[in-house]
Every structure is written in C-alpha cells, then in structure tokens.
Student: 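Sending over a structure as structure tokens; questions will come in a sec.
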2 protein chains.
Amino acid sequence: MVTVKKTDRPAEDLKKKILEAARELFLKHGYEATSMRKIASAIGISPTAIYLYYMDKSDVMHALHSEGFFLLNSRFAVLAQVESPFERLKAMGRIYMQFAVENADYYRLMFILKEPMEYLDNHCHDEDWDEGEQAFYALINTVEACMQEGYFKDQQPHEAAMLVWSAMHGLVSMHLSGHLEHITHTKNIFPQPDQAMEQTFQSLITLMSKR
Amino acid sequence: MVTVKKTDRPAEDLKKKILEAARELFLKHGYEATSMRKIASAIGISPTAIYLYYMDKSDVMHALHSEGFFLLNSRFAVLAQVESPFERLKAMGRIYMQFAVENADYYRLMFILKEPMEYLDNHCHDEDWDEGEQAFYALINTVEACMQEGYFKDQQPHEAAMLVWSAMHGLVSMHLSGHLEHITHTKNIFPQPDQAMEQTFQSLITLMSKR
DNA sequence: TTGCACACTTTACACCGTTAACCTATGTTT
DNA sequence: AAACATAGGTTAACGGTGTAAAGTGTGCAA
C-alpha cells in the first residue's frame, strides 16, 4: 500500500499536543506553575502519559527552550540588512533586549533557569544549543567587523563579544528579576526610573563607541 | 526578682537555631534542597514550629538574603584603602566577582532568585535592601570620581554605574548558571576556557579605561 | 486549686515529579 | 477462528513539598 496513512503516527500527534499545552501554561504562568499534572489535565490525559513521549519535566521544558532560541534567531534575521557593523551591533543589542522583555518566560528558560542546562549536561547532545552558539558566532563576527573600523581597540574579538553579551544579559536579567526597578525607583537616583534599562543600554553604546 | 532569667527569651533562642540550621542546609545544598521539614528535623523540632518565628519559607530565606549583603559589604570595606578612583572601581569589580564565585548560593539568593525579592515586595519594608543600595551608592560615587579623572566621558554617573553593575552581574551569573562555560568549552572560541570570566573582566576594564 | 496562656506538636490538606503495575483495544500469527 | 503480542494508554502509589488548623502539655497567676 502506497496511500498516505491517516494515522501514521498518532504518537507524535499527542507529543505535539503535550508541547502545545506545556507552552500555553508556561507562557501564561511561568516555569514553576507549569506542572506535569496540569499539562496532562489540560489535554485530558493522565499525567504519566507524558512520560511516554518525554523523559521528564526538564525534557518538556527543553523543547520550549529550543523554541525560544529559534524565535530569537528569527528576530536576528533582519540584522543581515544592516551593513554598518557598529549599527548592526547596536541593533543586535536592541533586538536582544526587546526579545527578553516581550518573551520574559522564554528568556528565563533560555538563559537563567538551570533546569534546561542540566538536561543538556545529563543527556549530552550538544546540537541543541547550536542555535545559541550560532547567535554567539554572529556576535563575534560583528564585533570583529567593528574592530576593523577601530572599535574595541586592544581587545580580543571573543572576549569583547562575551563582554557585550554579559552586559546585555546582566541588564536584561536584572530588569526581569525586578532588581533594576527596585534600585531605580526607591531612591531618587534615576530621573526617569521607567527608562532605566533603556538609558543603561544607551550608556553601553556610548562606552562601546569610543575608538 | 531581679536576677537575670536564664530563659529570658527561649523564643529568640530557637529563632537563631532555626536560622543556623537553614544557613547550613542552604550553603551545603542550595535553595531548593532546603525545605522547612529538613530545617526542622535538623534541630529536632516539628516543621510547623518554624512558622512561630518566620512567616513562611521566603521569610527564612530573606534572613539569609540579608546576611549575604552584610557579607558583601564587609568585603567592600577594604576599598576605603584604595585612593585612586579607577583602581577602586577595578578592585570593586574583582571583589564582587570573587564574592559571587566563593559564595555562589548567597549570590543566587541575593541577585538571581526571585523569592526574597517577592518577600520584600509583599512585606514592603525597604530598609532591608539598604545594604544593597548602600553598595550601589558607593559604586556611583566611585564612578563619579572616575569621571573627574576623565573616565566615562559623555555619561551620567548613575547610568554608568548601572552599566558596570549590569556587566558584572551578567558575567557572574552566566558563570554561575554554566552558560559561560558551555559556550567557551564546547567550541574552540576561547584559547583558555577556564579563564573566560577573568578575561572578560579584563576586557571590561580595557573598555572602561578609555577616556 | 483552678484556669489560662504560651510554646510547641499532631494532623491534615493540596500540591508536586515520578515509578510500577495494570488494563485494553488493535493487529498479527498460528 | 483462536491465541498471542504489542502499542498506548490508565490507575495506584511513593516520597516529597509548603502551610493551616486543631490539639496538647506545662508553668504560672489568681
């Protein structure tokens, strides 16, 4: 028989439904509020049925983890349009920042929570982080191009790239954790506390602009 | 009777014992592995007895949170010896980095985990974060002094200070989460992956050195 | 002696991730 | 057709979590 089987893989069908339910719960209520039991009841199956398709909770979350990197890289795609290296670097930072704010839970899963990282360590297939590494390579290349225009003098490309990433991650994660707002709101340090992240980002650009 | 009562405040005595047990468990096994039941059994009381002295788990953890800030500020004390503003800034960064590495769990509790922050928001006594804000003021002052020597040109002190803190926090938290090592080890980007954090720190100093 | 308040325990509830055992419908082999 | 095997679930259970409510014993005051 050569006809396409309707129910070729009902299994994979349920796997998708599980992931969809997990994503919906995760994006609505965050990591910890997304339990195996809730995922299961959302699609009307028993909690243990999930274990037929995923090894454990961290495996489910890892699937979302990968989705996040795909999303981020999709956003980075527009950077190909930006010719000037330094402008590209700035745009990259802005996209990164926007992604983190608009997809806070994804960001936490990708860069802050340790569970997906532990999954990678335990099940040791590194190809899953390829999307992440790919983005980092793009950053290094952009930094390298900036150096040819006189930026980041006396620096190594990979070190400068890591520095930029660190600064952006630090800024963004302090915003997401509430520490940034806590500091900027309680005392009269920042004239416009609401724009603390934006202003700090500008400050980074100013610092990097020096040649 | 004017004699000193032996059991003047057995209550506060037990409160201390609870905190000691919590600290020991926390520093040995981390936040999540420190449960109310384990704390209780460590000192031979029932789990619910803790609730006579602390509102909930986040309250207990908040006590350790405060300890962490006290510890960090103690380390910062030596900075008074450093006269040169820029040298002081560098030393501040190094101390911050060392503190994070040597007291990873404290650092997570202070700057990454959201539970202690939620406690502050819910129980709204801001004086607890004073130690944290104090440290940030010290950073602003140091940055301001650096500016008088020509550093951080075209920047606002509070913005530059926030930038420095963001960069340090980003660097340190990516180290603690394992992301930094993951990136630097898997591919041959960094010649000496083990010193990735140190080298990125140096890169920050190089960037800040420009006047 | 009675009564009461304090300090703590016991019990209980509603969750959690995960394992092991069980069921049942479908399809295949004998 | 009858027996069997397997896929694709289920139910029950274990050991854990934070926390609320009710119960208990002891010391002290009236």
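Below, read A as the first sequence line, B as the second, and so on, with proteins coming before strands; counting in each chain starts at 1.
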Student: Could you check whether any side-chain heavy atom of A:Thr184 comes within less than 4.5 Å of a side-chain heavy atom of A:Ile189, counting everything from C-beta outward?
Tutor: no

Student: Between A:Ser203 and B:Gln155, is there a side-chain donor-acceptor contact under 3.5 Å, judged purely by atom types and distance?
Tutor: yes

Student: Enumerate all atom pairs, one protein N or O and one N or O from nucleotides 14-18 of chain D, separated by less than 3.5 Å.
Tutor:
unit_1	atom_1	unit_2	atom_2	d
D:dT17	OP1	B:Ser35	OG	2.7
D:dG18	OP1	B:Met36	N	3.0
D:dG18	OP2	B:Met36	N	3.0
D:dG18	N7	B:Arg37	NH1	2.4
D:dG18	O6	B:Arg37	NH2	3.2

Student: Ignoring hydrogens and angles, tell me if any N or O in the side chain of A:Ser41 forms a donor-acceptor pair with the backbone of A:Gly44 under 3.5 Å.
Tutor: no

Student: Can you check the A:Asp13 CG to D:dA7 P distance for me, whole Å?
Tutor: 18 Å

Student: Could you check, using the six-membered ring where one of them is a Trp, whether B:His62 and B:His65 have ring centers closer than 6.0 angstrom?
Tutor: yes

Student: Output all residues satisfying salt bridge (charged side-chain N to carboxylate O under 4.0 Å, His left out) with B:Glu102, sequence neighbours left out; order by chain, then residue number.
Tutor: B:Arg75

Student: If I take atom CD1 in residue A:Ile50 and atom P in nucleotide D:dG9, what distance separates them, rounded to the nearest angstrom?
Tutor: 12 Å

Student: Whole angstrom is fine here: how far is it from CG in A:Leu14 over to P in D:dG8?
Tutor: 10 Å

Student: Would you list the pairs meeting side-chain hydrogen bond (donor to acceptor under 3.5 Å, both in side chains) in which at least one residue belongs to residues 22-33 of chain A, sequence neighbours left out?
Tutor: A:Arg23-A:Glu67, A:Glu32-B:Lys114

Student: Measure CD1/A:Ile39 against C1'/C:dG17 and give the value in whole Å, please.
Tutor: 11 Å

Student: Compute the bend angle of the helix from C:dT1-D:dA30 to C:dT30-D:dA1 from the end axes (five pairs per end), rounded to 10°.
Tutor: 40°

Student: Where along residues 17-26 of chain A does a heavy atom fall under 4.0 Å from DNA chain D?
Tutor: none

Student: Suppose we screen for salt bridge (charged side-chain N to carboxylate O under 4.0 Å, His left out). Which residues come up paired with B:Glu181, at least two apart in sequence or across chains?
Tutor: none

Student: What residues form a ring pair (Phe, Tyr, Trp, His ring centres under 6.0 Å) with A:Tyr107, not counting sequence neighbours?
Tutor: A:Tyr96, A:Phe111, A:His169

Student: Rounding to a whole Å, what distance do you find between A:Met61:CE and C:dG17:C1'?
Tutor: 12 Å

Student: Using a distance-only test with no angle check, is there a side-chain donor-acceptor pair under 3.5 angstrom linking B:Gln199 and B:Gln192?
Tutor: yes

Student: Nearest whole Å is fine: how far is C:dG17 C1' from A:Leu52 CG?
Tutor: 15 Å

Student: Just grab all the salt bridge (charged side-chain N to carboxylate O under 4.0 Å, His left out) pairs involving residues 52-61 of chain B, residues at least two apart or on different chains.
Tutor: none

Student: For A:Phe136, give me all partners under ring pair (Phe, Tyr, Trp, His ring centres under 6.0 Å), at least two apart in sequence or on another chain.
Tutor: A:Trp165

Student: Please tabulate the protein-to-nucleotide N/O contacts below 3.5 Å involving nucleotides 20-25 of chain C, giving atom names and distances.
Tutor:
none

Student: Check salt bridge (charged side-chain N to carboxylate O under 4.0 Å, His left out) between B:Glu20 and all other residues, then give those that pass, not counting sequence neighbours.
Tutor: none

Student: Could you tell me how far apart B:Ile45 (CD1) and C:dT9 (C1') are, to the nearest whole angstrom?
Tutor: 11 Å

Student: Checking A:Phe190 now: which residues fulfil ring pair (Phe, Tyr, Trp, His ring centres under 6.0 Å) with it, not counting sequence neighbours?
Tutor: B:His158

Student: Atom NE2 of A:His29 and atom C1' of C:dC16: how far apart are they, to the nearest Å?
Tutor: 17 Å

